[in-house]
Amino acid sequence: MRHLIVRENATPEQMVTWTKTIQEMAEESRLGIPVVIISNSRNENEDATFNAAQSVRQFTTFPGILGLAAMDDLDLVKQFAAIGHEEFLANNIRKGYMYMVDTATDPRWFRTYGTFGEDPATISAIAEVIIPEFQGEVLDEDAIALTIKHFPGGGTRENGFDPHYAEGKFNVYPTEGSLENYHLPPFKAAIKHHPASIMPYYAIPSDEKSATPQVPFARGFEENVAFAITNNLFKNCYAMS
């Protein structure tokens, strides 16, 4: 096992001690393969605070993801990413499960707070700033490898339900052309900068549930299986980019 996700809000001293110890153990193993320490994003405050108490965070805190998009300032987004890169690097966290470039088209979806909003052009522009700032143009000793998610777009939820569960297992496209015009463009923009990995969504695209008031996806889906299983859309997205 060589990929470990860390969720604790540890101090930099604790984090570095732990990560260095893990790597020393890996070096002593038969093949000496390093461990990849992974984290979700850590530089955004997404908690609602209803009192005067202030949460103690070990990383520099910026507004939540929606707040970053609402600033409408790519220079500030670049500063945010540059600080995040340096803090991940200093804590020996070398891979991030971030960022969501999903287009939020259903306001009932509870993960909207983790997106850059509802405008594909804004999301695309932010992706093209954040990925090079964190990861660089090549993966080297200074890079923070990113996992962009959730391909081909998680914002188009049936009744806003979460696809981790059975009641939310379908992606629906009630607006004609929505997959091509709203959900895929941010991924095309992200792919230009060669993110280390792209995470597919858990949901299943459904022609039947998307059929009213008009057929939204003229070619139809070749397979009614989860995006994590089929790679046809992924190949098409790379080709179109």
**Report entry** Co-members of the apolar cluster containing L31 [side chain, <4.5 Å]
**Finding:** I33

**Report entry** Those residues that, when tested against E27, pass side-chain contact (heavy atoms from CB on, under 4.5 Å) (two or more places apart)
**Finding:** none

Requested in this report: Could you tell me which residues satisfy ring-ring contact (aromatic ring centres under 6.0 Å, His included) with F80, sequence neighbours excluded, listed by chain and number?
Outcome: F62

**Report entry** For the student: nearest non-hydrogen atoms of Q23 and V35, plus distance
**Finding:** NE2-O, 2.6 Å

Query raised in the report: Is the side chain of T112 donor-acceptor paired with the backbone N or O of P107 at a distance under 3.5 Å, no angle test?
Result: no

Query raised in the report: Residues in salt bridge (charged side-chain N to carboxylate O under 4.0 Å, His left out) with E158, at least two apart?
Result: K209

Query raised in the report: Which atom pair, heavy atoms only, marks the closest approach of G153 to Y201?
Result: O-CD2, 4.4 Å

Query raised in the report: Is there a chain of hydrophobic side chains (I, L, V, M, F, W, Y, each step under 4.5 Å between heavy atoms) that links L89 to M15?
Result: yes

Query raised in the report: What is the minimum heavy-atom distance between F116 and M100, and which atoms define it?
Result: CD1-O, 3.5 Å

Requested in this report: Spell out, as yes or no, whether a donor-acceptor pair under 3.5 Å connects the side chain of E133 to the backbone of H85.
Outcome: no

**Report entry** salt bridge (charged side-chain N to carboxylate O under 4.0 Å, His left out) against R2, all qualifying residues, sequence neighbours excluded
**Finding:** none

Query raised in the report: Shared ILVMFWY cluster between F110 and L66, side chains joined below 4.5 angstrom?
Result: no

Report task. Determine the interplanar angle of the F134 and F88 rings, folded into 0 to 90°, and report it as parallel if under 30°, tilted if 30 to 60°, perpendicular if over 60°. Result -> perpendicular

**Report entry** Nearest non-hydrogen partners of G117 and I123, listed with the distance
**Finding:** O-CD1, 3.4 Å

Query - Residues clustering with I5 (ILVMFWY side chains joined when closer than 4.5 Å, directly or via others) - result: V36, I38, Y97

Query raised in the report: Which atom names give the shortest non-hydrogen contact between P34 and A26, and what distance separates them?
Result: CA-CB, 4.3 Å

Query - Single-linkage hydrophobic cluster M199~W109, side-chain heavy atoms < 4.5 angstrom - result: yes

Requested in this report: Could you pull out the closest heavy-atom pair between R42 and N9, with the gap in Å?
Outcome: NH1-CA, 4.4 Å

